[in-house]
*Asks:* 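Here it is, the structure in full.
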Amino acid sequence: AKTTDDFDYANYHVLDEIYSFQDMLVAENPTLVSKIVIGQSYEGRPLNVLKFSTGGTNRPAIWIDTGIHSREWITPASGAWFAKKIVLDYGHNPALTAILDKMDILLEMVVNPDGYHFTHTSNRMWRKTRKPNPGSSCVGVDPNRNWDAGFGTAGSSGNPCDETYRGPTAHSESEIKSIVDFMKAHGNIKAVLSIHSYSQMLLYPYGYTSTSAKDQKELHELAKKAITDLASLYGTAYRYGSMINIIYQASGNTIDWAYNQGIKYSYTFELRDTGRYGFILPANQIIPTAKETWLALMAIMEHINANTY
Amino acid sequence: KKTFVGDQVLRVFAKDEVQLTVIQDLSEMKQLQLDVWRGPTDVATPMDIRVPFHSLMSVKAYLEARDVQYTIMIKDLQADIDKEERQMQRSSYA
């Protein structure tokens, strides 16, 4: 693709194509989009965050990440669609325009680029990072168990050969440490929306404990609104609730860490499907998935914009 | 390049708490080299597991012996991955 208009949103792309897409989007929209390199992956790939901002300094921001589990290809594919949607809608869609006039949107399209590259070259079903584990022949850490929130407790594994290996210490993975450092330095992030697949769920904290989040009522109501909006497009049914109740106990995960940092609107999505295809969701479902998910994201972002804290 | 020829993804249904424990035990049997796509959480939610070809007979026998229901969600994972790769190549040429 020579421009982001030519980019094939209805197909899966290798990492270089996604990086090119990001650069094109920045070049085409210099007053709205910029690229921040927040760090490097273990294998030296840049960790790019697209910043959608209409100006101001250190505005409140909404963080969206996709591609933390590399085999969940639908998530970066949806991320590309979201990025284009934001530039298309700004100035045209009143709700999104109002959000961007007050807040920034930060989008990390591929949180785990080494793993993503590995799924395209060596093992389509790879989930973790690609850092070797000393003393083990097994490679990689589950980046969604590596956060400092109930780290090391039930709901993750201490075995490097397991898919849910938490790593030796919290934030041991550069892919995670880079986000943590960036968010702490930013200091004004109001939402973390971490996007996974599959199973069609919208989850809020906590995953590592059955204790209710202090904002549970609001998070629950907002989740209900978001999944209702999502379902309005194609009727896709989501379940929603706290992670530990709806899916399983998962310690050291992104949204629990974010919530414990005081970022109230912390959600994880599990995108399509309910289990016909799992991680190999056909490419013809990328755009429908992105479109319906966008409705839920907008519901959450509009609520945040109207309820700044 | 790792292939998944003959690997299947099974959807396993627990009808009660006893069967839930049975499939939780299954998911922890390292020697079977199972890849749990969706874990056993409660009776209402089925478990999806990728079963390597060499473990298929053992897993199915284990489930059937304990009267645990399952369906084949993906019959040959590599066939679907090949299809995905062909689609990406076609798109790239286009």
Side-chain angles (χ1 to χ4, degrees), chain A residues 1 6-14 16-17 69 71-74 77 118-128 138 155 157 159 161-164 196-201 203 207 239 241 243-250 270 273-286, chain B residues 1-14 20 23-24 27-53 69-94:
Chain A
D6 304 328
F7 188 80
D8 184 3
Y9 296 91
N11 216 322
Y12 294 114
H13 294 273
V14 297
D16 286 346
E17 291 169 342
H69 285 145
R71 64 190 178 183
E72 297 170 8
W73 280 11
I74 183 62
F118 198 66
T119 62
H120 281 271
T121 53
S122 301
N123 181 344
R124 174 65 182 84
M125 287 299 127
W126 191 257
R127 164 189 171 98
K128 300 189 284 184
C138 297
S157 170
N159 181 347
C161 296
D162 284 348
E163 296 285 4
T164 54
H196 291 245
S197 75
Y198 59 106
S199 294
Q200 297 173 196
M201 296 170 181
L203 309 167
R239 296 165 64 197
M243 189 183 292
I244 196 168
N245 283 333
I246 299 296
I247 184 164
Y248 42 53
Q249 187 167 18
E270 295 281 351
D273 60 348
T274 50
R276 179 166 181 162
Y277 302 105
F279 301 118
I280 43 177
L281 190 69
N284 64 12
Q285 292 196 37
I286 294 171
Chain B
K1 184 164 184 174
K2 185 169 170 57
T3 66
F4 300 89
V5 176
D7 287 17
Q8 293 188 345
V9 181
L10 303 184
R11 167 155 284 196
V12 184
F13 302 87
L20 189 64
I23 64 172
Q24 280 167 342
S27 71
E28 285 162 17
M29 292 179 184
K30 304 281 184 201
Q31 71 278 15
L32 297 173
Q33 296 181 299
L34 304 179
D35 175 14
V36 179
W37 281 17
R38 184 160 70 175
T41 52
D42 54 52
V43 172
T45 311
M47 176 173 76
D48 298 338
I49 41 171
R50 176 175 65 80
V51 185
F53 180 70
Q69 278 201 333
Y70 67 90
T71 58
I72 299 171
M73 186 171 126
I74 296 175
K75 196 173 175 185
D76 181 353
L77 184 62
Q78 189 60 44
D80 283 20
I81 290 172
D82 291 344
K83 197 171 148 191
E84 187 176 62
E85 199 165 1
R86 281 196 301 275
Q87 190 178 28
M88 287 174 67
Q89 279 172 354
R90 272 201 307 274
S91 175
S92 179
Y93 295 144

*Asks:* Calculate, to the nearest 0.5 Å, the distance between atoms CD1 and OG1 belonging to I247(A) and T45(B) respectively.
*Replies:* 9.0 Å
*Asks:* Look at A1(A), G275(A), G278(A) and state which one has the largest set of heavy-atom pairs under 4.5 Å with chain B.
*Replies:*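 Of the candidates given, the most pairs with chain B belong to G275(A).
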*Asks:* Where on S157(A) is there a heavy atom nearer than 4.5 Å to chain B: the side chain, the backbone, both, or neither?
*Replies:* neither
*Asks:* Go through the steps for D162(A) and K30(B) under the test side-chain contact (heavy atoms from CB on, under 4.5 Å), then give the verdict.
*Replies:* CA-CA 9 Å; D162(A) 284 348; K30(B) 304 281 184 201; 2.6 Å; yes
*Asks:* Side chain, backbone, both or neither: which part of R38(B) has an atom under 4.5 Å from a heavy atom of chain A?
*Replies:* both
*Asks:* Applying salt bridge (charged side-chain N to carboxylate O under 4.0 Å, His left out) as the test, list every pair that has at least one member in residues 72-84 of chain B; sequence neighbours left out.
*Replies:* R124(A)-E84(B)
*Asks:* Checking W126(A) against chain B: side chain, backbone, both or neither under 4.5 Å from a heavy atom?
*Replies:*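 Looking at W126(A), nothing touches chain B.
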*Asks:* Please round to the nearest 0.5 Å and tell me the distance separating atom CH2 of W37(B) and atom OG of S197(A).
*Replies:*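 Those atoms lie 9.5 Å apart.
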*Asks:* Quick one: pull up CZ in F4(B) and CD1 in I280(A) and give me the separation to the nearest 0.5 Å.
*Replies:*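 Interatomic distance, F4(B) CZ to I280(A) CD1, rounded to 0.5 Å: 9.5 Å.
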*Asks:* Taking every non-hydrogen pair under 4.5 Å, which of T121(A), I246(A), N159(A) racks up the most with chain B?
*Replies:*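 Winner by heavy-atom pair count: T121(A).
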*Asks:* Which residues pass the ring-ring contact (aromatic ring centres under 6.0 Å, His included) test with Y9(A), sequence neighbours left out?
*Replies:*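 Result, ring-ring contact (aromatic ring centres under 6.0 Å, His included) vs Y9(A): F7(A), F21(A).
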*Asks:* Could you tell me whether R127(A) and D35(B) have a side-chain N and a carboxylate O separated by less than 4.0 Å?
*Replies:* no
*Asks:* Between E17(A), H13(A), R239(A), which residue shows the highest count of heavy-atom pairs closer than 4.5 Å to chain B?
*Replies:*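 Answer, by heavy-atom pair count under 4.5 Å with chain B: R239(A).
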*Asks:* Rounded at 0.5 Å granularity, tell me how far CG in D48(B) sits from CZ in F279(A).
*Replies:*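 Reported to 0.5 Å precision, the distance equals 8.5 Å.
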*Asks:* At a 4.5 Å cut-off on heavy atoms, which part of T164(A) comes close to chain B: side chain, backbone, both, or neither?
*Replies:* neither
*Asks:* What's the shortest heavy-atom distance between M88(B) and H120(A), and which atoms?
*Replies:*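 Where M88(B) meets H120(A) most closely, the heavy atoms are CE-CE1, 3.5 Å.
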*Asks:* Show, in sequence, the C-alpha distance, side-chain angles and deciding distance for M125(A) and D7(B), and conclude whether the side-chain contact (heavy atoms from CB on, under 4.5 Å) test is met.
*Replies:* CA-CA 12 Å; M125(A) 287 299 127; D7(B) 287 17; over 6 Å; no
*Asks:* May I ask you to check whether over 12 heavy atoms, not counting those of F53(B), lie within 6.0 Å of atom CZ?
*Replies:*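 No, because the 6.0 Å sphere around CZ of F53(B) holds 12 heavy atoms or fewer from other groups.
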*Asks:* Take E163(A) and V36(B), measure what side-chain contact (heavy atoms from CB on, under 4.5 Å) needs, and give me the verdict at the end.
*Replies:* CA-CA 8 Å; E163(A) 296 285 4; V36(B) 179; over 6 Å; no
*Asks:* Rounded to the nearest 0.5 Å, how far apart are CE of M73(B) and CG of D273(A)?
*Replies:*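 One finds 6.5 Å between CE of M73(B) and CG of D273(A).
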*Asks:* I'd like to check E85(B) versus Y12(A) (side-chain heavy atoms, cut-off strictly below 4.5 Å). Are they in contact?
*Replies:* no
*Asks:* Calculate, to the nearest 0.5 Å, the distance between atoms OH and CD belonging to Y248(A) and Q24(B) respectively.
*Replies:*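 The CD atom of Q24(B) is 12.5 Å from OH of Y248(A), to the nearest 0.5 Å.
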*Asks:* What part of Y198(A) lies closer than 4.5 angstrom to a heavy atom of chain B: side chain, backbone, both or neither?
*Replies:* side chain
